[in-house]
Amino acid sequence: MKKIDKILRSMTKEEKASITVGFSRKGKEIYPKGAAGITFPVPRLGVPSVVMADGPAGVRIDTEGGTKFGISYPCESNLACTFNTELVKDIGGCIGKDARNYGIDIILAPALNIQRDPLGGRNFEYFSEDPCLIAKMGTAYVKGVQSSGTGACIKHLACNNRETDRGKYSAEIDERTLREVYLSAFREVVFESSPYCIMTAYNKINGIYTSADASLTKEIVFGEWAYDGMIMSDWGADGDNIERVRAQNDLYMEGNAEKCEEIISAVECGTLSEEEIEICSRHILGTVMRTHSAKGTKPSGKLDITHLDISEKAAVESIVLLENKDMLPLDCEKISLFGNAQRHPVIGGLGAGDVNTCPYSSFRDALKSRFSLGKTADEIYKNCPRKPIGFDEDENPENDVWEVNLSEDAAAKAAEESDAAIVFISRLTREGKDHTPRKGDYRLNERERNTLITVSNAFHMREKKVCVVLDVGNPIEVESWKRYADALVFLGYAGQRSAEALASILRGEKTPSARLAFSIPVACEDSPAHESFLTDNLQIPYNEGIFVGYRYYEKMNKRCSYSFGYGLSYTQFRCGDLKIVERTDSQLVMSQTVKNVGMRGGKHAALLYVSKPDCGDLAQAKRQLIAFSKTSLLSPGEEETVFFHITKEALYTWKKDKGFVLLKGKYIFEGEEQKFIHINF
Ligand code: BGC
């Protein structure tokens, strides 16, 4: 602190104003190329320029003609499906080290927004629809990143749950919902892991841009949460620049000369006091002086490729097995592959969540090293194109001419010559654009559907089975066609080792242990956010309140195709009674035994839900996730006790005029296999 005080005392008014505005990759030569932005340096006082880069699935920088690449890890939504916080911490650690190796001080991740609707364009960059899962995953991720000395930046505070008009819409939301659902993961991650930075969102909340909202940043984050890092705007966010400084949104990214001038003149003419810019400068300096650049850490310039194996490990644990009618693991010799994605995997989404990575295997390559491939299908898909990215695909997703049009004869021949079929369905997802309920987007296009039905008929007629793999960033409609598949695998975007991870699961070298971090509704229209999601109205009512995702489906008794937390294994587990291990004023610890009673080794993620007491007009979810814990790899017959740690705060309800309170009444805890414990508070 003394050092910061000293620097601040020596800084001119102009320097203090300037440091609250950063530089963009457009405005200034930034190294490494493709990094997202840098801060204003004051070399005479030893204040360096700090380099920031995206993003959640790995370091995003330019390849510089193929000489540099980032490692693409499973996207956040996949990481959450692992329900394994240790593993997510390891991934964070790898990303932090990758950043350090390339001279990056702050990684612009993790994103902690709620997956409010299945059509959200950035859902893949967000962990889950559940705030508790997001908080635990976010904490693990940040701890991992920061263990390498790289700073993490949690984003986008808050309610950036839709991409359409993201710079203009206003989330119209009541305070309880905001606190309990949309801010709660940010709060917990701040408390548990002290991230270096927080990035605000593009949108408004209740009519005020988050980039210039004093009630959010100054009062809640710095005030209530006693946050000790720095806050920055999202890149090019709208909102008044002067109000931004007053709101203690310390740093405007990405800045330009004009934004800087505005602040300098406001200080000169007294509309902004020197004290106000000094508060922001202090936050910025405090963060800048913790970074690699300030400490003089020399980047190695090289990537540690052992991280690829950790990426694969996480990919394996993130693959959710949704259906398995005695098909997987495959113990046959010859398989036929269908769908263009077999040669063109989608390993991640586009935008800030993208990574410019080195070449990676296709699904076909990885499966070919484990099975022999049927010649007919292999020949047909030999030169199939990658799904186009561009205008036509956006405007006209049902246009499926690029997809191979499979004939009945070809499917029959393939079924004759192989033992099983795998059909790949892929979707691209990107920042800046939401999905639509249309064919080729949320729904299958004609050719995809035709391929699936034709393959299914041909193989089933010969008593052979069909597995469908969903290489997608969001849930898609499965209800109308899932009966055609004997096995259904939600691969998600599992990063550059997607193909190897998938192949090891299909072959049975690994046992699936992931559970859905989101619901797959019967139809996207079932989502409580659906109507407000597609509207052109810029006032988006968050009418579903705290009933986001599964909380809504459970409340309305609405069946999902696959519910939050769903996921199969190749082995079976039996769980013991839920037990209280410790109960103090501040926390509750429960445990449950998990025994592998099947024939294969496997891990099991145990989930714990709570039902809170209703209190007047404060309706509660039937149940909400409160903790989870994953076993280690258990051999057949092996048993492990897992522990659930529940802080008192995690049980709080937000009450108008009172804030967070522990409501009096009965709390019902529900462990695995519907084992319950009732506790009165
Ligand atoms: C995204 C952020 C990202 C930033 C810098 C923005 O468009 O919303 O998530 O970190 O760009 O690339």
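Whatever order the structure lists ligands and atoms in, that order sets their numbers, starting from 1.
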Identify all side-chain donor-acceptor contacts of residues 84-94 below 3.5 Å with residues at least two apart in sequence or on another chain.
from  : atom 1 : to     : atom 2 : distance (Å)
Asn84 : OD1    : Glu86  : N      : 3.2
Asn84 : OD1    : Leu87  : N      : 3.1
Asn84 : ND2    : Glu317 : OE1    : 3.1

Could a heavy atom of Arg166 be found less than 4.0 Å from some atom of ligand 1? yes

For Glu431, atoms of ligand 1 separated by under 4.0 Å from a heavy atom: 1 (C), 6 (C), 7 (O), 8 (O)

Would you check the N or O atoms of Arg122, main chain and side chain alike, for any that come under 3.5 Å of an N or O of ligand 1? yes

Taking all heavy atoms of Cys132 and all of Leu625, pick out the closest pair and write down the distance. CB-O, 3.3 Å

Quick check: do Lys387 and Arg427 have side-chain heavy atoms less than 4.5 Å from each other? yes

Per-atom contacts, ligand 1 versus Ala352 - under 4.0 Å to a heavy atom: 3 (C), 9 (O)

ring-ring contact (aromatic ring centres under 6.0 Å, His included), that's the test. Do Phe547 and Tyr552 meet it? Break it down for me. CA-CA 5 Å; Phe547 297 95; Tyr552 172 79; 8.0 Å; no

Can you sort out which atoms of ligand 1 are near Met199, meaning under 4.0 Å from one of its heavy atoms? 10 (O)

Is the Lys NZ or Arg CZ of Arg290 less than 6.0 Å from the centre of Tyr196's six-membered ring, within 45° of the axis? yes

Could you establish whether His156 and ligand 1 come within less than 4.0 Å of each other, counting only heavy atoms on the residue side? yes

Could you list the atoms of ligand 1 found under 4.0 angstrom from a heavy atom of Arg60? 12 (O)

Can you list everything that forms a side chain to side chain donor-acceptor pair (under 3.5 Å) with Tyr542? Sequence neighbours excluded, please. Asn161

Among Asn113, Asp54, Leu108, Asp234, the residue with a heavy atom nearest to atom 12 (O) of ligand 1 is Asp54

I'd like to check which ligand 1 atoms, numbered from 1 as shown, lie under 4.0 Å from a non-hydrogen atom of Lys155. 2 (C), 3 (C), 9 (O), 10 (O)

I'd like to know whether the aromatic ring centres of Phe490 and Phe518 sit less than 6.0 Å apart in this structure. yes

